[in-house]
Amino acid sequence: MKALNVCVIGTGYVGLPTGVGLAELGHHVVCVDKDENKIHALQNGQITLYEEGLEELLKKNFSAGQIQFSTSMESVSNSDVVIVAVGTPPHPVTHEADMQYIHAAVRELATYLKNYTVVAIKSTVPVGTGTVVEKIIKEQNPTADFDVVSLPEFLREGFAVYDFFHPDRVIVGTNSERAQSVIQTLYDAFETKPNMLFVKRESSETIKYASNAFLAIKIHYINEMANFCEKTGANVLEVAKGMGLDTRIGPRFLNPGPGFGGSCFPKDTMAMAFMGRQNDVSMTLIEDVIKENWARKKQMANRVLNVVKDIPDPKIAVLGLAFKNGTDDCRESPAMEILDEILKANVTVTVYDPKAMENAKKLIGDKVVYASDMYSAVQNADVVAILTEWDDFKSLDLQKIAYSMNHKNIVDCRNLLDPQKAKENGFNYLGIGR
Ligand code: UGA
């Protein structure tokens, strides 16, 4: 395998696992970030975000000299591939993807381009961005020899390392054969060759949004079915299982819950809807899912508050703050949004999350009491609300907490517990769609 020189710009949830993964494959990687604290920590072998298995791989490749960290883009001049993985957060007013970080990064990297380089855009960007990036580079550096490729990322937070090494597919958007062969070399080191699809740049940019929006719609669909099951006596888990056996539907992303969250689905569905409006294409399905997904968080909060409405000064225990299991990320977390709604009712809330306590503190400070473990969180509580699907919570000893709680109420927004066992231990148990 031919080792390439790769520069990854942005060391967030996409950039860092990508850089570490490419280093593990044998490429020479420099990860660049403007944030001096982050780079300083990484240079000292400290991990800056939680992803299973990432810390070990980082340390291994850092001590072997396969990966380096820098605040400067200098290494671009020596790179075969520059991967842009900076954030594209939603614009606060229009909800379109905010491109300022991409534009700034591209303006700067352009000035360092020397030999032929592939500039691969990994950040989720609006359709047409490749052309804009090309123009910026030409303006900054008219003699640069380069190709701009769309290389969207499909890894999930919490499973980033696994997904990096087992991608369902690698989508490469470019018409340049030269760029195609460089990207092919980048993935040559995979033991099992990933399924690679070479398409037009605009198609590649669209595939990313179309995939995320589709998955968001799938989740919302099963949540609506869960509401229906609650009224009719059906069990949504059985319904999802039965639907999933149809290979045309598939079993994944049919887990009902408190609504989708995280830094991708909410942002990308809004950006897709914006692009639809911009191009005068009706996207009522996506628009509706965005609206209903917001409403769902409020419905979940009301479900919790309703259980304790007749209890004076109720105490609520919240288990789970991260937007899903396996991550410490609380951005756009359904749990945090439900918690916000609950707090509006002036109740006392104790919270616990196995990984996300520090990030939650940055967002809500001292509005809640932070417990050291799940059992202290539920002590004297009138209701326990399970908001994130951590495995730890599945093993909650119901007999034990039945003694320590003031009232035996459970609102299980992730269907982690066995309703029968909860009932046997005297709990009033509310799950989702069953
Ligand atoms: C998502 C996509 O799954 C990745 O393919 C994509 O690369 C990434 O966005 C991105 O664009 O960067 P991620 O946001 O990490 O990944 O998380 P998911 O595992 O997709 O979950 C998103 C939300 O949907 C979470 O709140 C999760 O709890 C919820 N969800 C997921 C459900 O409620 N039910 C399900 O069946 C699956």
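Keep in mind it's a predicted model, so treat the numbers as computed, not measured. Order of listing sets the numbers, starting from 1, for every ligand and every atom in it.
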When you measure from [atom] to every protein heavy atom, which one gives the shortest distance, and what is it?
atom: atom 29 (C) of ligand 1; value: Ile219 CD1, 3.9 Å
atom: atom 36 (O) of ligand 1; value: Asn255 N, 2.9 Å
atom: atom 26 (O) of ligand 1; value: Gly261 N, 3.0 Å

For ligand 1, which atoms sit closer than 4.0 Å to a heavy atom of [X]?
X: Glu157; value: 15 (O)
X: Glu389; value: 28 (O)
X: Glu153; value: 7 (O)
X: Phe260; value: 23 (C), 24 (O), 26 (O)
X: Lys324; value: 13 (P), 15 (O), 17 (O), 18 (P), 19 (O), 21 (O), 28 (O)
X: Phe154; value: 4 (C), 5 (O), 6 (C), 7 (O)

Return the orientation label for the Phe393 and Tyr352 ring planes: parallel under 30°, perpendicular over 60°, tilted otherwise.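 Geometry flag for Tyr352 against Phe393: perpendicular rings.
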Say whether Cys264 and ligand 1 are in contact under the criterion: heavy-atom distance to a ligand atom below 4.0 Å.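 Yes, Cys264 has heavy atoms under 4.0 Å from ligand 1.
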Applying a heavy-atom cut-off of 4.0 Å, say which part of [X] lies close to ligand 1: side chain, backbone, both or neither.
X: Arg414; value: side chain
X: Lys208; value: side chain
X: Phe265; value: side chain
X: Leu254; value: backbone
X: Val14; value: neither

Looking only at the aromatic ring of each residue, does the gap between the centers of Phe190 and Phe164 stay below 6.0 angstrom? yes
Axial cation check for Trp294 ring with Lys297, 6.0 Å and 45° limits: yes
